[in-house]
Amino acid sequence: GNVFAFTGADIHGRFQRLQGNSVFEPMGFDAFGIHSENYALKVGGHPMRLIPQNIENFRRQLRRVGLMVDWKHELSTTDPRYYKWTQWIFLQLFKQGLAYKKKAAVNWCPNDKTVLANEQVENGLCERCGARVEQRLLEQWFFRITAYAERLLHNLEWIDWSESTKSAQRNWIGRSEGAEISFAIAEIDAPPIMVFTTRPDTIFGATYLVLAPEHPQLSALTTSARRDEIEAYRARTARQDVVSRKMGESAEKTGAFTGSYATNPATGERIPIWIADYVLMEYGTGAIMAVPGHDERDFAFAQAYGLPIVRVVAPDDLDASAPLAEAYAGEGRIVNSGMFDGVPVDEAKSRMTEWLVGLAAARPVVNFRLHDWTISRQRYWGPPIPIIYCDECGAQPVPEDELPVILPDIEDFRPDDTGISPLARYEEWYRVPCPKCGKLARRETDVSDTFLDSAWYFLRYPSANLDDVPFDPELTEKWLPVHSYIGGNEHAVLHLLYSRFITMVLHDMGHLTFEEPYTRFRAHGLIIRDGAKMSKSKGNVVNPDEFIERWGADTFRTYLMFLGPFEEGGDFRDAGISGVRRFLDRLWKSAHDARTSGSPDVGVMRKLHQTIRKVGEDTARLSYNTAIAAMMEYMNVLRASEREAHRAEVEPLVQLVAPFAPHMAEELWEHFGHARGVFESRWPAYDLALATVDEIELVVQVNGKVRGKIHVARDITREAAISLAQADAGIARFLNGPPRKIIFVPGRLLNIVV
RNA sequence: GCCCGAGUGGCGGAAUUGGUAGACGCGCUGCACUCAAAAUGCAGUGGCUUUCGGGCCAUGCGGGUUCGAGUCCCGCCUUGGGCACCA
């Protein structure tokens, strides 16, 4: 999978270079994080010793694949010269108030013994190890990514990215427009309940309120008669883990009555306040107005507890008093809602919000699904968060000129279950003077999330060898933002979202002139083998070393690109590679047998220019499989001419194939006597006159069915085509009757309707 | 349930705007070369039918628009991915 992605990017880079562009193709290693640390724990080694060995192996393999990488700019996120600046970035966010510490319910992986970001939890399971994630109340560092939610969403409209990736980000950010509505409490003296809804138009149908079991206002609203039941319900739901709670969509709705009532601001009616675990504290205000007539979940709950169900929306063809057998969430007109009766749903949303705002009972609100990014990790293998806690001065940033805070080389780095990092066991490391008052203080012992390391690495590449700045302004201006980024969609809501956020922050602080890190992003597809995605756990991986050994790097690269559209991936079948090898062998042979005497064949040269055009266009849009097919097709023409090919017919093909098979192309280029490498040359230009087909097979249809083909000049006129078609015996026999209509598409077809 | 994407021969896949469906490759069949095999080269290869000219049917299913639909529209089915008791 890695070789597939890198090769695809490399071909693009090499192609751009042949186009005469300056290309910077960097490579780096991101080896901080749980993944590497767990590996070290498993094999009983130390990451500081193991990582360099692994990197060496990767480097060897990547070189073998033939990537045009500028190794002088290689970087490693575990290098203090790099993570010094990762810590610097933390401090920039801290300065802006975008890094803050709070105690909150966070995702805790009991297996990896650390906190995880929301983005690292899939269906309640740790994306890394698959353990069930628990909720723990811990004090953690957060990045205020939610402050950028609107912009992260908005910019998706203009950045040139794969639609699938943009769609994943949109879903993740999860913007919804609605209103926060205030429900006053009836009878007792308590502050109102705020609810969030996207359907303010249905407020006349709100027959009860529901709070999340953890809602902070709950105890004030629980009557003494109900206290025992409420407490019992809370205890029962609190015990359930995240997974079983969230999988409850189809399960029965349960809840408990608080004993208190609120007033519906639209109807003035007294409605009961309940708690139920189908309302989540993490979203909106942690409370909802229940509209059982028009919300599936509310409907199920109302049925279970015998609460009133009122219709306030009716489809156009239905009576307002028609009973509801199930929640109706479709289009229609407002009913049973006083002066709003008859208003279409869409219009009612804004009109009713306005009305409620006028009553001081509501305000328009936009809610996001996106949460702030938890970046603390209670693990060893990461950059220490550069903060010092002082009893007098509080949390103090480490002064920038004291960076990096070096991760100490310690023997026992195993994580434990305390929610505290292993670094906290090393007093000699964490005891430091307060940077402000000088009194004895202690370092933050958590490290930062690996995704922070990779959220800015592209900025570092051009400046990889500079030690006094994270990224040099001039170099950054010259090379960034990244013009072409190719990656996997698994990073859509992780790396790709985080790096956009960090870039925006640095832009807003004046460190960058651009606010989006990657102007063009293309998600590559997945390699399938034996009917499944290639993965170590499925045991269907291919070792590149073996294939390169047997077939050569050029054949391996070209085959990977030939198996399907690059952006969709493909089916890796071991046998299929032989066809690509055959093609490269034939090219090798043709080049060596090429004659210089005589002149090239006109027909072959015509095909050559058509091929140059197609390969160029296809390669530019990452349609590598069709580019390769076009070269193969040309090779077939070259061979079918039953004579030795002329050098002029073969030489340009060497340049076309060079991005795919660079090693062989270099050899052949030298064979043709060039003193400089093939990548010093320019992509051959095609002659438009030659590349344009001048004679075509005009398709002749009768009543839309193909009845014949006539060989004609490309620019044949309608009249000439018609008379030629009528003269053709094979076609004429279908023309039984005078033509009623004739369609002529120049250069394409003629359709005679009789 | 909502949002993206995909369904085409035995297989992987082609078909810029509606205009010859199946390019290219694998596999398969036959032939040449060889003592033989491999490699290589040549020819054939969607299905059914045929008097060997051809004819009919075919792009997940059912409708529609059009002279003409893999491509556009409506309704489904299957499948990959994202989100999901998100109000």
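Here the structure is a predicted model, which is why all the values come from computation and not from measurement. Numbered from 1 within each chain, the chains take letters A, B, ... in sequence-line order.
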| request: Could you check whether A:Asp571 gets within reach of a base, just the sugar-phosphate, or nothing at all, counting any heavy atom under 4.0 Å? | output: sugar-phosphate

| query | How far does the P atom of B:U51 sit from the matching atom of B:A69, given to the nearest Å? | reply | 31 Å

| message | Tell me every residue that passes salt bridge (charged side-chain N to carboxylate O under 4.0 Å, His left out) with A:Glu180, counting only those two or more places apart in sequence or in another chain. | response | A:Arg363

| Per-nucleotide protein contact string for nucleotides 39-54 of chain B, where B marks a base within reach and S marks sugar-phosphate only (heavy atoms under 4.0 Å, - for neither) | -SSS-----------S

| Now, which nucleotide makes the Watson-Crick or G-U wobble pair with B:C52, with each of the two distances under 3.5 Å? | none

| said: Could you tell me how far B:U49 sits from B:G13 if I compare only their C1' atoms? Round to whole Å. | reply: 29 Å

| Taking atom P of B:G82 as reference, at what distance in whole Å does atom CD1 of A:Ile173 sit? | 17 Å

| said: Quick one, A:Ile288 and A:Phe196 - any side-chain contact, counting heavy atoms below 4.5 Å? | reply: no

| said: Using the side-chain contact (heavy atoms from CB on, under 4.5 Å) definition, which of the options A:Phe301, A:Tyr305, A:Tyr278 pairs with A:Thr254? | reply: A:Tyr305

| note | Of the candidates B:U20, B:C86, B:G25, the side chain of A:Met632 sits closest to B:G25

| request: Check step by step if side chain to side chain contact (heavy atoms under 4.5 Å, CB included) holds for A:Ile743 and A:Lys741. | output: CA-CA 7 Å; A:Ile743 290 105; A:Lys741 188 173 179 183; 4.2 Å; yes

| What distance, rounded to whole Å, do you find between the two C1' atoms, one in B:C85 and one in B:G80? | 25 Å

| field | Sugar-phosphate only, base, or nothing, as touched by A:Asn625 at under 4.0 Å among non-hydrogen atoms | value | sugar-phosphate

| request: Let me know, please, whether A:Ala575 or A:Val706 comes out on the 5' side of the other along RNA chain B by nearest nucleotide. | output: A:Val706

| said: My understanding is that only residues two or more places apart in sequence, or in another chain, count here; which of them pass ring pair (Phe, Tyr, Trp, His ring centres under 6.0 Å) with A:Phe572? | reply: A:Phe547, A:Tyr559

| Whole-Å P distance, B:G81 and B:G25 | 32 Å

| task | Figure out the CD/P separation between A:Glu568 and B:U8, and round it to whole Å. | result | 12 Å

| field | Gap in Å between the two C1' atoms, one belonging to B:C33 and one to B:U40, rounded | value | 9 Å

| said: Suppose we define a pair by two distances each less than 3.5 Å, Watson-Crick or G-U wobble; what does B:G44 pair with here? | reply: B:C28

| task | Please state the P separation for the pair B:A6 and B:A87 - nearest whole angstrom. | result | 27 Å

| said: Measuring only the C1' atom in each nucleotide, how far is B:U29 from B:G9? A whole number of Å is fine. | reply: 16 Å

| How many Å lie between CG on A:Asn118 and P on B:C86, as a whole number? | 16 Å

| query | Is there a donor in the side chain of A:Tyr498 and an acceptor in the side chain of A:Glu119, or the other way round, less than 3.5 Å apart? | reply | yes

| Residue-phosphate contact under 4.0 Å: A:Asn636 side-chain N/O, B:A23 OP1/OP2 | no

| message | Please classify the glycosidic conformation of B:G12 as syn (within 90° of 0) or anti (everything else). | response | anti

| message | Under 4.0 Å from OP1 or OP2 of B:G68: is there any side-chain N or O of A:Asn703 that close? | response | no

| field | A:Leu209 CG - B:A87 P separation (whole Å) | value | 18 Å

| field | Touch class at under 4.0 angstrom, heavy-atom based, for A:Ala168 against every strand present | value | sugar-phosphate

| said: If the condition is salt bridge (charged side-chain N to carboxylate O under 4.0 Å, His left out), which residues does A:Arg520 pass it with, not counting sequence neighbours? | reply: none

| request: Report which part of the nucleic acid A:Lys166 touches: base, sugar-phosphate, or nothing (heavy-atom distance under 4.0 Å, all strands). | output: nothing

| task | In whole angstrom, give the distance that lies between atom CG of A:Asn171 and atom P of B:C3. | result | 10 Å

| said: I'd like to check the salt bridge (charged side-chain N to carboxylate O under 4.0 Å, His left out) partners of A:Glu549; sequence neighbours left out, ordered by chain and number. | reply: A:Arg64

| field | For B:A84, the Watson-Crick or wobble counterpart (both distances under 3.5 Å) | value | none

| request: Identify whether the glycosidic angle of B:G9 places it syn (within 90° of 0) or anti. | output: syn

| task | Using side-chain hydrogen bond (donor to acceptor under 3.5 Å, both in side chains) as the criterion, list what pairs up with A:Ser578, not counting sequence neighbours. | result | none

| request: Pick the C1' atom in B:G10 and in B:C28, then give their distance to the nearest Å. | output: 8 Å

| query | Looking only at side chains, do A:Thr626 and A:Asp618 share a donor and an acceptor under 3.5 Å apart? | reply | yes

| So, is A:Arg297 near the phosphate of B:C86, with a side-chain N or O under 4.0 Å from OP1 or OP2? | yes

| field | B:C67 base / A:Asn751 side chain donor-acceptor hit below 3.5 Å | value | yes

| message | Does atom CD (A:Gln303) have a neighbourhood of more than 12 heavy atoms from anything else shown, all under 6.0 Å? | response | yes

| request: Could you pull out all residues at least two apart from A:Arg718 that satisfy salt bridge (charged side-chain N to carboxylate O under 4.0 Å, His left out)? | output: none

| Counter-base of B:A58, judged by Watson-Crick or G-U geometry with both distances under 3.5 Å | none

| note | The Watson-Crick or G-U wobble partner of B:G7, with both key distances under 3.5 Å, is B:C77

Can you check nucleotides 15-17 of chain B for protein contacts, nitrogen or oxygen pairs under 3.5 Å, and list what you find?
from, atom 1, to, atom 2, distance (Å)
B:U16, O4, A:Glu617, OE1, 2.9
B:U17, O4, A:Arg748, NH2, 3.2

| Among B:C85, B:C24, B:G13, the one nearest A:Pro565 by side-chain distance | B:G13

| query | Looking only at side-chain N and O atoms, does A:Lys741 come under 4.0 Å of OP1 or OP2 in B:C67? | reply | yes

| field | ring pair (Phe, Tyr, Trp, His ring centres under 6.0 Å) partners of A:Trp172, counting only residues at least two apart | value | none

| said: Between A:Arg621 and A:Glu617 (salt bridge meaning N to carboxylate O under 4.0 Å), is one present in this structure? | reply: no

| remark: Quick note, A:Ala629 side chain, CB onward, closest among B:A87, B:C85, B:A23 is B:A23

| query | Between the base of B:G19 and the side chain of A:Gln701, is there any donor-acceptor pair under 3.5 Å? | reply | yes

| Could you state the CZ-C1' distance from A:Arg369 to B:C3, rounded to the nearest angstrom? | 13 Å

| query | Atom CG of A:Leu749 and atom P of B:U20: how far apart are they, to the nearest Å? | reply | 7 Å

| query | Counting any heavy atom closer than 4.0 Å, what does A:Val745 reach on the DNA or RNA strands: base, sugar-phosphate only, or nothing? | reply | base

| query | How do A:Ile288 and A:Leu526 order along RNA chain B: which one's closest nucleotide is nearer the 5' end? | reply | A:Leu526

| note | In Watson-Crick or G-U wobble terms, with both distances under 3.5 Å, the base opposite B:A37 is none

| remark: From the candidates B:C4, B:A84, B:G12, the one with an atom nearest any side-chain atom of A:Ser167 is B:C4

| said: In this structure, how many angstroms lie between the C1' atom of B:G13 and the CD1 atom of A:Ile527, rounded? | reply: 14 Å

